[in-house]
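What follows is a single structure, written as structure tokens, with notes after it.
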Amino acid sequence: MPRRATLKRLRAPDGCAIDDALVLWFPAPASFTGEDVAELQLTGGTAVVAALLRTLGDIDGLRPAQPGEFARRAFDNGKLDLTQAEGLADLIDAETEAQRRQALRQASGGLKALAEDWHARLLGVLGETEASLDFGEDEEDVSARLVGDQDAQIACLAAEIEAHLGRYRFAERLRRGLTIVLLGAPNAGKSSLVNALAKRDVAIVSPEAGTTRDLIEVHLDLGGVAATLVDTAGLRDNTAGVVEAEGVRRARARADDADLVLFLCAEGKGEDAPPGALVVQSKADLRPSGERGTLRVSAVTGEGLFELETVLIDHARTLTGWGQDATITHERQRSALAGCRDALIEAGGEVDAVLRAESLRLAMRCLGQLTGRVNVEDILDVVFRRFCIGK
Ligand SMILES: Nc1nc2c(c(=O)[nH]1)N(C=O)[C@@H](CNc1ccc(C(=O)N[C@@H](CCC(=O)O)C(=O)O)cc1)CN2
């Protein structure tokens with residue numbers, strides 16, 4: 001029965017029972033891929049699955065799907081556009097609430113709908129531009145009025161796209177997760193803080209300065225935003241050996257690329273913190289209470305940890321444009337849309353109707369690349385390779 005779960009005994013060709021399974025039958029075109037799809041939901045277990053795969057493998061024309069093959073077929077059959085396929089891959093990878101929401105919006109066609117609206121409007125302007133080519137000299141008034149109208153429409157489209165492009169940076173950070181690098185002198189208590197924030201022992205701590213040599217990463221969920229906290233070797237110039245020196249070099253390199261640097265200091269006010277770093281005073285239990293406004297934590301007593309987490313969540317949300325519902329989340333999407341915007345700006349400044357029409361067609365081609373409407377085999381490979389087996 002189409003689209004109904006039915007309990008069936010599965011048998012090998014020789015009649016031997018394999019399993020009692022739920023069978024779902026999705027006749028084309030109402031399926032995920034748009035093709036006929038049969039789903040077998042087995043009891044589970046290694047031997048059951050192996051027996052079924054053996055039996056299916058003996059059937060001519062059947063083979064296991066490649067990674068991304070289901071999504072690719074759905075795309076080829078018009079069930080998904082490229083931005084939806086990207087959203088789906090992100091949804092599968094999503095680890096936090098904000099990532100899930102952003103990915104689901106894209107998977108359910110948020111960007112596709114915008115692109116289709118832009119495409120329809122572009123087509124309208126292009127049609128008018130081409131029509132104005134047919135006006136003669138004696139109809140100059142009409143043609144001038146039409147050009148003014150087209151200019152307004154083109155400028156409006158370019159501005160709308162620009163506004164979406166402006167939020168890309170935030171959405172991209174949210175999708176891949178933030179990198180927060182912890183810097184500070186040896187023995188400032190960085191590893192203890194990492195363990196306290198991770199709420200488990202991930203980094204080795206000892207009273208010995210220079211314990212952490214290589215980078216240690218922990219994943220945090222900062223109020224729905226995914227972040228990787230990187231514990232580093234303490235910064236000192238007279239390192240104990242080549243291994244520690246390399247650790248310090250790596251720490252600085254990671255900090256240069258970080259979205260946020262936390263500078264931890266056990267003494268003083270962090271005067272030697274790099275510019276833009278968030279300064280945190282550690283070992284608060286051993287210090288006289290400091291001035292108001294400075295973040296003070298103690299991994300021993302837990303003092304200040306809640307406040308630090310609150311500040312980190314605040315930063316994480318600011319860095320990822322919390323509540324902005326950005327639509328462009330991948331560099332591929334950004335560059336296609338930037339091309340579209342550039343072509344629109346070009347078209348807007350163009351007085352010659354033939355050249356203007358040419359730029360408008362280029363803008364439409366860029367939109368086609370965004371959604372995959374334009375056939376671009378190399379782009380498709382990159383997008384669908386990301387999926388795991390069975391999707
Ligand atoms: N059993 C099962 N659960 C699953 C999936 C699946 O493939 N199988 N999915 C796999 O990702 C997700 C659901 N995604 C799906 C997307 C589209 C269709 C589908 O049949 N689409 C048809 C009909 C739509 C409708 O009736 O509204 C279509 O688009 O024409 C099914 C599942 C999550 N859960």
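Indexing begins at 1, ligand by ligand and atom by atom, following the structure's order.
Applying the salt bridge (Lys or Arg N to Asp or Glu O under 4.0 Å) rule to pairs touching residues 75-89 yields Arg72-Asp76, Glu86-Arg332, sequence neighbours excluded.
Cluster note: Leu165 groups with Leu111, Leu114, Trp118, Leu122, Leu123, Val125, Leu126, Ile154, Leu157, Ile161, Tyr168, Ile328, Leu337, Leu344, Leu360, Met364, Leu367, Leu370 through ILVMFWY side-chain heavy atoms spaced under 4.5 Å, whether in direct contact or through intervening members.
Of the options Arg176, Arg386, Arg100, a salt bridge (charged side-chain N to carboxylate O under 4.0 Å, His left out) to Asp90 is made by Arg386 and by none of the others.
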Indicate every side-chain donor-acceptor pair of residues 223-234 with a distance under 3.5 Å to a residue at least two apart or in another chain.
from	atom 1	to	atom 2	distance (Å)
Asp231	OD2	Ser191	OG	2.5
Thr232	OG1	Leu182	O	2.6

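Ring pair Phe384/Phe75: centre-to-centre distance below 6.0 Å.
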May I have every N or O pair linking ligand 1 to the protein at under 3.5 Å, one per line with atom names and distance?
from	atom 1	to	atom 2	distance (Å)
ligand 1	1 (N)	Glu39	OE1	2.7
ligand 1	1 (N)	Glu39	OE2	3.4
ligand 1	1 (N)	Gln41	NE2	3.3
ligand 1	7 (O)	Glu39	OE2	3.4
ligand 1	8 (N)	Glu39	OE1	3.4
ligand 1	8 (N)	Glu39	OE2	2.5
ligand 1	11 (O)	Lys391	NZ	2.3
ligand 1	20 (O)	Arg3	NH1	3.1
ligand 1	26 (O)	Arg3	NH2	3.1
ligand 1	29 (O)	Lys79	NZ	3.3
ligand 1	30 (O)	Lys79	NZ	2.5

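Under 3.5 Å, the side chains of Thr329 and Gln106 contain a donor-acceptor pair of N or O atoms.
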